[in-house]
Amino acid sequence: MLKVTDLTKAFGDRNAVNEVSFHIDKGETYGLLGPNGAGKTTTISMISGLLSADSGAILVGGEPMSTAAVDVRSQIGYVPQEIAIYPELTARENLTFFTRLQGLEKGLVAGRVDEILEIVGLRDRADDPTKEFSGGMQRRLNIGIGLVQGPKLLILDEPTVGVDPQSRNAILDSVEALGNQGMAVLYTTHYMEEAERLCDRIGIMDQGSLITQGTQRELVGTVGERDRVEINVASHAQEVAGLLGAKPFVESATASETAVSVLLSDGGVHLAEMLDGVVASGTSVRGVQIHEPDLEAVFLSLTGKALRD
């Protein structure tokens, strides 16, 4: 449904997107995972035809996409980070307005609006002004607007930013349902747990480049099924990282201001020896967490930093 090849975009001397390539099949949810500023929003702005690429190619349903490709854009539903609704109108009125803009026959509009209200879980609030909605409800309506034309590809740009846990879960439920119905979904996020829950395949972006992609199992396999042990220390984090990094069973050890992150196999087996090393370095342990291999470990292994650094 979507094929992106060597997509590149620069702003002045800064490469925001650098030769990014991936594809999404019908019924597949593909996640772009990376920190803020990684190039995710610039990438999807080019895919949706809102921004021209410096080089590379984008095919949507086999047709080339550009800022002038009006017919191709009709196959895409785009849900931006920003709330794009009319606050004085009700949810039903908002959806009716945008559905009519897409040219749906008048006699089919009401049925389509009811269908979308059901999908995003707003049927019981359909006739309330959206200015009275919570942030999470407004974001769910935002997703509904992206669905009005029945797109073949839905693009969601960090749709859960700033919402409460209950609303976030409702949004994720809606996205899961769309993928199960056969829609191709491109989902950008910097929340690792969202990518793990929703996405059939995941591309990890950092500093404008797609540094790896694959299923969650494939990506976790790249770090050799290793554990990540986080040790919070009272002081001397750099010295502790150096001491632990020299141990033969440790893959890598990196320090922040008050913690050391250690990548290794069988973290529980070697934990006592590592804690002895911390004490021997002249500081004390404030807390310990052992994380089994996940996308955070993949990102740390590939970039040398945590996803939210």
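Atom NZ of Lys26 is surrounded by 12 or fewer heavy atoms from other residues, nucleotides or ligands within 6.0 Å. The neighbour count for Tyr86 OH, taken as heavy atoms of other residues, nucleotides or ligands under 6.0 Å away, does not exceed 12.
With contacts defined as side-chain heavy-atom distances shorter than 4.5 Å, the pair Arg112/Ile116 qualifies. Residues Gln213 and Leu219 have side chains not in contact (no heavy-atom distance under 4.5 Å, counting atoms from C-beta outward). A 4.5 Å side-chain heavy-atom check between Ile204 and Leu210 finds every atom pair outside the cut-off. Between Val113 and Val148 there is no side-chain heavy-atom pair separated by less than 4.5 Å. Met1 is listed as a side-chain neighbour of Val60, based on a closest heavy-atom distance under 4.5 Å. You'll find the side chain of Pro151 stays beyond 4.5 Å of the side chain of Ile76, heavy atoms only. Within the 4.5 Å cutoff, the side chain of Lys106 has heavy atoms near those of the Arg100 side chain. Using a 4.5 Å cut-off on side-chain heavy atoms (C-beta onward), Leu178 and Leu147 make contact.
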| message | side-chain contact (heavy atoms from CB on, under 4.5 Å), that's the test. Do Thr90 and Thr130 meet it? Break it down for me. | response | CA-CA 5 Å; Thr90 67; Thr130 55; 5.7 Å; no
| request: For Lys3 and Ile24, run side-chain contact (heavy atoms from CB on, under 4.5 Å): C-alpha distance rounded to whole Å, both residues' side-chain angles, the deciding distance at 0.1 Å, then the answer. | output: CA-CA 7 Å; Lys3 184 177 181 181; Ile24 308 175; over 6 Å; no
| For Lys9 and Ser52, what are the C-alpha separation, side-chain angles and deciding distance, and is it a side-chain contact (heavy atoms from CB on, under 4.5 Å)? | CA-CA 8 Å; Lys9 182 68 179 181; Ser52 61; 3.9 Å; yes
| Residues Phe22, Leu2; criterion side-chain contact (heavy atoms from CB on, under 4.5 Å); working and verdict | CA-CA 8 Å; Phe22 63 93; Leu2 173 68; 3.9 Å; yes
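At a threshold of 4.5 Å between side-chain heavy atoms, the hydrophobic network of Ile, Leu, Val, Met, Phe, Trp and Tyr places Ile290 and Val240 in one connected group. Transitive grouping of hydrophobic side chains (ILVMFWY, heavy atoms separated by less than 4.5 Å) brings Leu117 and Met183 into a common cluster. Ile119 and Leu122 fall within the same hydrophobic cluster, defined by Ile, Leu, Val, Met, Phe, Trp and Tyr side-chain heavy atoms under 4.5 Å apart, directly or through other members. In the hydrophobic cluster analysis, where Ile, Leu, Val, Met, Phe, Trp and Tyr join through side-chain heavy atoms closer than 4.5 angstrom, Leu141 is grouped together with Leu172. Ile211 and Tyr187 fall into different hydrophobic clusters, where Ile, Leu, Val, Met, Phe, Trp and Tyr side chains are chained together by heavy-atom contacts under 4.5 Å.
Remark: Lys40 engages Glu158 in a salt bridge, criterion side-chain N to carboxylate O under 4.0 Å. Remark: Arg197 does not engage Glu194 in a salt bridge, criterion side-chain N to carboxylate O under 4.0 Å.
A donor-acceptor pair under 3.5 Å is formed between the side chain of Arg139 and the backbone N or O of Gln81. The backbone N or O of Glu176 sits nowhere less than 3.5 Å from a side-chain atom of Gln181 that would complete a donor-acceptor pair. The backbone N or O of Thr67 sits less than 3.5 Å from a side-chain atom of Arg73, completing a donor-acceptor pair. Side-chain N or O atoms of Thr283 include one that pairs as donor or acceptor with a backbone N or O of Ser235 at under 3.5 Å. No donor-acceptor distance shorter than 3.5 angstrom exists from the side chain of Asp200 to the backbone of Glu28, with no hydrogens or angles considered. A donor-acceptor pair under 3.5 Å is absent between the side-chain atoms of Glu239 and the main chain of Val278, judged by distance alone. Remark: the backbone N or O of Asp71 is paired with a side-chain donor or acceptor of Ser74 at under 3.5 angstrom. A side-chain donor-acceptor contact under 3.5 Å links Ser174 to the backbone of Ala170. Between the Asn142 side chain and the Ala84 main chain, a donor and an acceptor come within less than 3.5 Å of each other. Using modelled atom types, one side-chain atom of Asp164 and one backbone atom of Ser167 make a donor-acceptor pair closer than 3.5 Å.
Between Ala241 and Ala255, the shortest heavy-atom distance links the atoms CB-CB, 3.8 Å. What you find for Leu264 and Val250 is that their closest heavy atoms are CB-CA, 4.2 Å. A pairwise comparison of heavy atoms in Gly146 and Val79 identifies CA-CG2, 4.1 Å as the closest pair. When all heavy atoms are compared, the tightest approach of Ile171 to Arg140 is CG1-CG, 3.5 Å. Between His23 and Tyr30, the closest heavy-atom pair is O-CD1, 3.9 Å. Across all non-hydrogen atoms, the minimal contact from Gly208 to Val20 is O-CG2, 3.7 Å.
With Leu244 as the fixed residue, the side-chain contact (heavy atoms from CB on, under 4.5 Å) test singles out one of His270, Glu273, Met274: Met274. Among Thr188, Thr43, Leu33, the one residue that satisfies the side-chain contact (heavy atoms from CB on, under 4.5 Å) test with Met205 is Thr43.
Rounded to the nearest 0.5 angstrom, Tyr78 OH and Asp157 CG are separated by 5.0 Å. Note that the CD1 atom of Ile58 and the CE atom of Met65 stand 7.0 Å from one another [nearest 0.5 Å]. Within the model, atoms CG of Asp54 and CG of Asp6 stand 13.0 Å from one another, a figure rounded to the nearest 0.5 Å. In this structure, the separation between CG on Leu271 and CD1 on Ile231 is 6.5 Å, given to the nearest 0.5 Å. Here Glu115 contributes atom CD and Thr99 contributes atom OG1; the two are 10.0 Å apart, rounded to the nearest 0.5 Å. Summarising the geometry, atom CD1 belonging to Ile47 is positioned 6.5 Å from atom CG belonging to Leu7; distances are rounded to the nearest 0.5 Å.
Relative to the six-membered ring of Tyr191, Arg168 meets both conditions, a distance below 6.0 Å and an angle of at most 45° to the axis. Taking the ring axis of Phe133 as reference, the NZ or CZ atom of Lys131 does not stay both within 45° of it and closer than 6.0 Å to the ring centre.
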